[in-house]
Amino acid sequence: MKAAEDQVVEDDTGFQDDEESFFQDIDLLQKHGINMADIKKMKLVGICTVKGIQMTTRKALCNIKGLSEAKVEKIKEAAGKMLTVGFQTAFEYSSKRKQVFNITTGSLEFDKLLGGGIESMAITEAFGEFRTGKTQLSHTFCVTAQLPGENGYSGGKVVFIDTENTFRPDRLKDIADRFSVDHAAVLDNVLYARAYTSEHQMELLDFVAAKFHEEGGVFKLLIIDSIMALFRVDFSGRGELAERQQKLAQMLSRLQKISEEYNVAVFVTNQMTADPGAGMSFQADPKKPIGGHILAHASTTRISLRKGRAEMRIAKIFDSPDMPENEATFAICAGGVTDAKE
């Protein structure tokens, strides 16, 4: 058991060397005549890599206090020299995709449905009614992300952003027991934050980006449980819907960029709503995930969860770029998400 304990924390180091070359530090811009004061200003808003500059619009950069249009132009030009912006062949992109890793759900059936687990450089969304296993899945990922897995995956740390006060560290201890790993090591590798407003949720992402950069290659997973809860509270009624969707789009765009920039998996849970107009149509199920088309398009893979008998749950691929529409049965036990026993 001791060997497994050591693995949880120490295995990060082997993988880190490959990851270090994955992104270029923003400090390298000094060689192209950008001064350190301007670099620090960008770091304060979570732009810590050259790719991060490429992913940020000129308008957004100009909004950073102390950066003029002329400075922004110079920064963009310097970043352009350091990165090859433009097209690449599918073969080149395919070799880049080899860096993608999968994190197991704890259930073989569920993993098979997802092609090995949730993948990095992508947003995986799980939605369902209450008690369908969304939060249990989040807690299980907190532990499985730290364990060495298939294809040389070494395990790593996790960031958990909690919007509904559902995170329970004691739950992680039960799951850690199932995988025979040390409680203290598991809890030490999970960075937790409680978000109170949708604005606070967005600000936390700046901190997350800075943390991922500071400890390059150490963090493997970002969990938000649940992504829409605070937007639902902060924006009410149809009058504020457009503003809500705009803010949501900005946040999801940030999440996508973070997942690609630092090669991490992003797992978000989402709530359901009953569509009052659905009774008028021939829809089989009037319940649907909230967040509208914006969330639907931003999530790479969407999983629908529903209740089965007793502790059994059913997961269905709702939308995915490369996985067929299929179902898997799993169970929730004391040790988290596991395979259903027939």
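Predicted model only: the values in this text are computed from it and were never measured.
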Please tell me if the side chains of [X] and [Y] come closer than 4.5 Å, counting only heavy atoms from C-beta onward.
X	Y	value
Pro289	Leu295	no
Lys43	Asp27	yes
Ser107	Asp339	yes
Ile317	Pro324	no
Val337	Arg313	no
Asp177	His183	yes

[X] side chain to [Y] backbone, donor-acceptor under 3.5 Å:
X	Y	result
Asp25	Leu28	no
Lys59	Thr56	no
Ser299	Thr301	no
Thr163	Ser226	yes
Arg178	Gly106	yes
Tyr153	Ala145	yes
Asn270	Ile290	yes
Lys220	Asn102	no
Glu109	Ala340	no
Thr140	Gln136	yes

Taking atom types as modelled, find out whether [X] and [Y] have a side-chain donor-acceptor pair closer than 3.5 angstrom.
X	Y	result
Asp225	Thr135	yes
Gln146	Asn189	yes
Asp111	Thr105	yes
Glu164	Gln271	yes

message: Once ring pair (Phe, Tyr, Trp, His ring centres under 6.0 Å) is applied, do any residues pair with Tyr192, and if so which ones, sequence neighbours excluded?
response: Phe167
- prompt: After noting the C-alpha distance and the side-chain angles of Arg97 and Glu119, does the key distance pass the side-chain contact (heavy atoms from CB on, under 4.5 Å) rule?
  reply: CA-CA 11 Å; Arg97 290 277 305 167; Glu119 65 174 18; 3.5 Å; yes
Decide whether [X] and [Y] are clustered together by the hydrophobic rule: side chain heavy atoms of Ile, Leu, Val, Met, Phe, Trp, Tyr closer than 4.5 Å, transitively.
X	Y	value
Val50	Val45	yes
Leu108	Phe110	no
Phe267	Leu230	no
Leu67	Leu44	no
Ile314	Leu137	no

Point-to-point distance, once rounded to the nearest 0.5 Å, from [atom1] of [X] to [atom2] of [Y]:
X	Y	atom1	atom2	value
Lys173	His139	NZ	NE2	12.5 Å
Ser320	Asn326	OG	CG	11.0 Å
Ile39	Gln30	CD1	CD	4.5 Å
Leu222	Ile123	CG	CD1	9.0 Å
Ile118	Ile303	CD1	CD1	8.0 Å
Lys307	Phe130	NZ	CZ	4.5 Å

Throw together a table of side-chain donor-acceptor distances under 3.5 angstrom for residues 236-250, partners on residues two or more places apart or in other chains.
| residue | atom | partner | partner atom | Å |
| --- | --- | --- | --- | --- |
| Glu240 | OE1 | Ser236 | N | 3.0 |
| Gln245 | NE2 | Gly291 | O | 2.9 |

task: Can you run down the ring-ring contact (aromatic ring centres under 6.0 Å, His included) pairs that involve residues 292-323, sequence neighbours left out, and say none if there aren't any?
output: Phe127-Phe318
task: Any pair with a residue in residues 29-80 that passes ring-ring contact (aromatic ring centres under 6.0 Å, His included), sequence neighbours left out, goes on the list, sorted by first then second residue, please.
output: none
Sidechain N-carboxylate O distance under 4.0 Å for Arg168, Asp174: no
- prompt: With the threshold set at 4.0 Å, does a side-chain nitrogen-carboxylate oxygen contact exist between Lys96 and Glu260?
  reply: no
query: Tell me the salt bridge (charged side-chain N to carboxylate O under 4.0 Å, His left out) pairs involving residues 195-209, sequence neighbours left out?
result: Asp206-Arg254
Side chain to side chain donor-acceptor pair (under 3.5 Å): pairs with one or both residues in residues 65-75, sequence neighbours excluded: Asp38-Lys71, Arg58-Glu73
